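To keep things clear, I will list the structure first and then write my remarks on it.
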There are 2 protein chains.
Amino acid sequence: MMNMPRPTSSSPTPPHSFSAHIEHQLDKATALCTQQGARMTAQRRDVLGLILTHAHPVGAYDLLEELKTAGRRPAPPTVYRALDFLLEHGLIHRIERLSAFIPCTNLRHCSHTHEHSEACLHTAQFLICRDCKTVTEIADTTVLETLKHICKNENFVIQSTSVEVEGICAHCAAKHSATHPSKEISSQGA
Amino acid sequence: MMNMPRPTSSSPTPPHSFSAHIEHQLDKATALCTQQGARMTAQRRDVLGLILTHAHPVGAYDLLEELKTAGRRPAPPTVYRALDFLLEHGLIHRIERLSAFIPCTNLRHCSHTHEHSEACLHTAQFLICRDCKTVTEIADTTVLETLKHICKNENFVIQSTSVEVEGICAHCAAKHSATHPSKEISSQGA
DNA sequence: GAAGAAATGTAATAATATTACATTGTATTC
DNA sequence: GAATACAATGTAATATTATTACATTTCTTC
């Protein structure tokens, strides 16, 4: 029963298979982990892969469901442990307002594996669209610089930050004004 | 039996009684609501009063418990509805990372009732101490200005923001170095 | 004082997250 | 290559936070 035909021998259960593109990102992530002396196990890889397949933030229990289809029946701690690991190693972000998770953009556009975690800390800022649920990670260091400055003045030792902006993205805003050609601001849909 | 010596007559159940100081803040809050055409009911006043009595962020279910001692047996929606109201009117903030609530500082130091909600939007930035759990609201407009600028560039319509910095506050940092034999003041009750 | 709107009461349940402990897998040392 | 120690995972139960749906009450306005 234990004969899994896996040359590299790493998983008791076969991992999900993802698109070549995502597999590539997963390989990058694995390299980052190795570099940090951390182990990218099959479980963690699967969770990260699933997060990467989503265009939008994913909740822990969504991931749990998706893991189940693989023939396994994991429980919440399985997912939360993987998420904790991925968070710790800067591979994903948690969107506080949504209790959901997205990949770090640096992973998506990965080429510079070196100052990855540094960059992650610097750019953990998000625009959340209430309409289409898309979350965009902002590449801007000004906000963090300001926060650092403030904290320095207050002698506050900064460990982590979250900056989240909720509103309507350009695309959805355009959609709306297209739907209502004449009147724009009068309707309040909530 | 129904003779509550309350001129304005608003509560079916007697509201909590708070310290003069907090009552004063509650009066301010009530004034702000009136100004906005909103009703500060006994229920909402009680919840806000309870939040004001806490030195630290309070969870919804903590508030629920505290409301119960008054002889009532409210259910979660009661508290959440009050919280929603208080949030909408800029009287409290929700700390996303803690799923907890704190009064808006403008309420604590209230004298300028006029541009209250404006100011609130501008300063919804918090320093969260992991050690003593104290949350400090930062009075700084730079961060929001930066965010506005970014959003303008992206054509993102900004509706609300949260900026949270987690770390160790000056006081706790000092406490820690005081643990190591040297100098510094070390007395403090939570 | 009746109609309609706002607020509250109530029961049930959904969604998110953690604890505690047993088991398995992996790396290392002898 | 067995013994060990530690990291990772499995599993069951439960804690915490939040919402839905609908009945009832209260308030405002006419």
Side-chain angles (χ1 to χ4, degrees), chain A residues 1-4 6 8-15 30 33-34 36-48 57-68 70-89 94-101 190, chain B residues 2 4 6-15 30 33-34 36-48 51 57-68 70-89 92 94-101:
Chain A
M1 265 231 172
M2 287 301 194
N3 56 348
M4 276 293 134
R6 299 214 105 230
T8 48
S9 89
S10 59
S11 61
T13 359
T30 305
C33 286
T34 306
Q36 297 178 42
R39 297 208 313 239
M40 174 63 93
T41 64
Q43 190 97 253
R44 292 162 177 172
R45 192 181 166 102
D46 282 357
V47 170
L48 180 55
V58 213
Y61 278 74
D62 293 332
L63 293 168
L64 193 55
E65 280 310 306
E66 292 171 10
L67 281 177
K68 278 181 182 168
R72 279 182 278 182
R73 224 112 272 268
T78 298
V79 166
Y80 281 103
R81 282 191 283 233
L83 291 172
D84 286 345
F85 174 90
L86 297 171
L87 284 169
E88 268 169 30
H89 293 85
R94 181 189 152 95
I95 309 298
E96 300 293 337
R97 291 201 169 199
L98 306 179
S99 298
F101 304 85
Chain B
M2 284 299 196
M4 275 290 128
R6 301 208 107 229
T8 48
S9 90
S10 61
S11 61
T13 358
T30 304
C33 285
T34 305
Q36 297 177 41
R39 293 197 331 227
M40 174 62 94
T41 64
Q43 190 97 256
R44 292 161 176 172
R45 191 183 168 100
D46 283 356
V47 171
L48 180 55
I51 294 173
V58 213
Y61 278 74
D62 294 331
L63 294 168
L64 192 56
E65 278 311 305
E66 291 172 12
L67 281 176
K68 277 182 184 168
R72 279 182 277 182
R73 222 114 274 266
T78 298
V79 167
Y80 281 104
R81 283 191 282 233
L83 290 172
D84 286 345
F85 174 89
L86 298 171
L87 284 169
E88 269 168 30
H89 293 85
I92 62 173
R94 180 191 153 94
I95 309 298
E96 300 292 337
R97 291 201 169 199
L98 305 178
S99 298
F101 304 85

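If you're wondering where the values come from, they're calculated on a predicted model, not measured in any experiment. Chain letters run A, B, ... following the sequence lines, proteins first, then strands; residues in each count from 1.
What separates NE2 of A:His89 from P of D:dA7 is a distance of 12 Å, to the nearest Å. Distance B:Leu98 CG to C:dT16 C1': 16 Å, rounded to the nearest Å. Between A:Asp84 atom CG and D:dT9 atom P there is a gap of 12 Å when expressed in whole angstrom units. Atom C1' of nucleotide D:dA18 and atom CD of B:Glu96 are separated by 13 Å, given to the nearest angstrom. In this structure, the CG atom of A:Leu83 is 18 Å from the P atom of C:dA15, given to the nearest Å. Remark: P of C:dA15 and CG of A:Leu63 are 15 Å apart, rounded to the nearest angstrom. B:Lys68 places its NZ atom 12 Å from the C1' atom of C:dT10, with the value rounded to the nearest Å. One atom, CZ of A:Phe85, and another, C1' of D:dT9, lie 14 Å apart when rounded to the nearest Å.
Between D:dA18 and B:Tyr80, a contact under 4.0 Å exists linking OP1 or OP2 to a side-chain N or O. Listed pair A:Arg73 / D:dT9 fails the phosphate criterion, with no side-chain N or O lying under 4.0 Å from OP1 or OP2. In this structure, B:Thr41 reaches the C:dT8 phosphate: one of its side-chain N or O atoms is under 4.0 Å from OP1 or OP2. For D:dG10, the OP1/OP2 oxygens have a side-chain nitrogen or oxygen of A:Gln43 closer than 4.0 Å. Between C:dG9 and B:Thr78, a contact under 4.0 Å exists linking OP1 or OP2 to a side-chain N or O. In terms of phosphate contacts, A:Arg97 brings no side-chain nitrogen or oxygen within less than 4.0 Å of OP1 or OP2 of D:dA18.
To the nearest 0.5 angstrom, B:Asp46 atom CG is 7.0 Å from B:Gln43 atom CD.
For A:Arg94 (side chain) and A:Leu83 (main-chain N/O), no donor-acceptor pair under 3.5 Å exists by modelled atom type.
For B:Arg39 and B:Pro77, each mapped to the nucleotide of DNA chain D holding its nearest heavy atom, the one lying further toward the 5' end belongs to B:Pro77. If you find the closest nucleotide of DNA chain D to B:Arg94 and to A:Ala38, the one lying nearer the 5' end belongs to A:Ala38.
Within the 4.0 angstrom heavy-atom criterion, no nucleotide atom of any strand lies near B:Pro74. Using a 4.0 Å heavy-atom distance criterion, A:Arg81 is classed as a base contact. At a threshold of 4.0 angstrom between heavy atoms, the contacts of A:Arg44 are confined to the sugar-phosphate backbone, with no base atom among them.
For the residue pair B:Ala82 and B:Val47, the shortest heavy atom distance occurs at CB-CG2, 3.7 Å. Looking at every heavy atom in both residues, A:Pro57 comes nearest to A:Leu98 through CG-CD1, 3.9 Å.
Remark: the A:Arg72 side chain and the D:dG10 base include no donor-acceptor N/O pair separated by less than 3.5 Å. If you check distances only, the side chain of B:Tyr61 does reach the base of D:dA18 with a donor-acceptor pair under 3.5 Å.
With B:Thr30 as the partner, the side chain to side chain donor-acceptor pair (under 3.5 Å) test is satisfied by one option alone out of B:Arg39, B:Arg44, B:Arg45: B:Arg45.
By the 4.5 Å heavy-atom criterion applied to side chains, B:Arg72 and B:Thr78 are not counted as neighbours.
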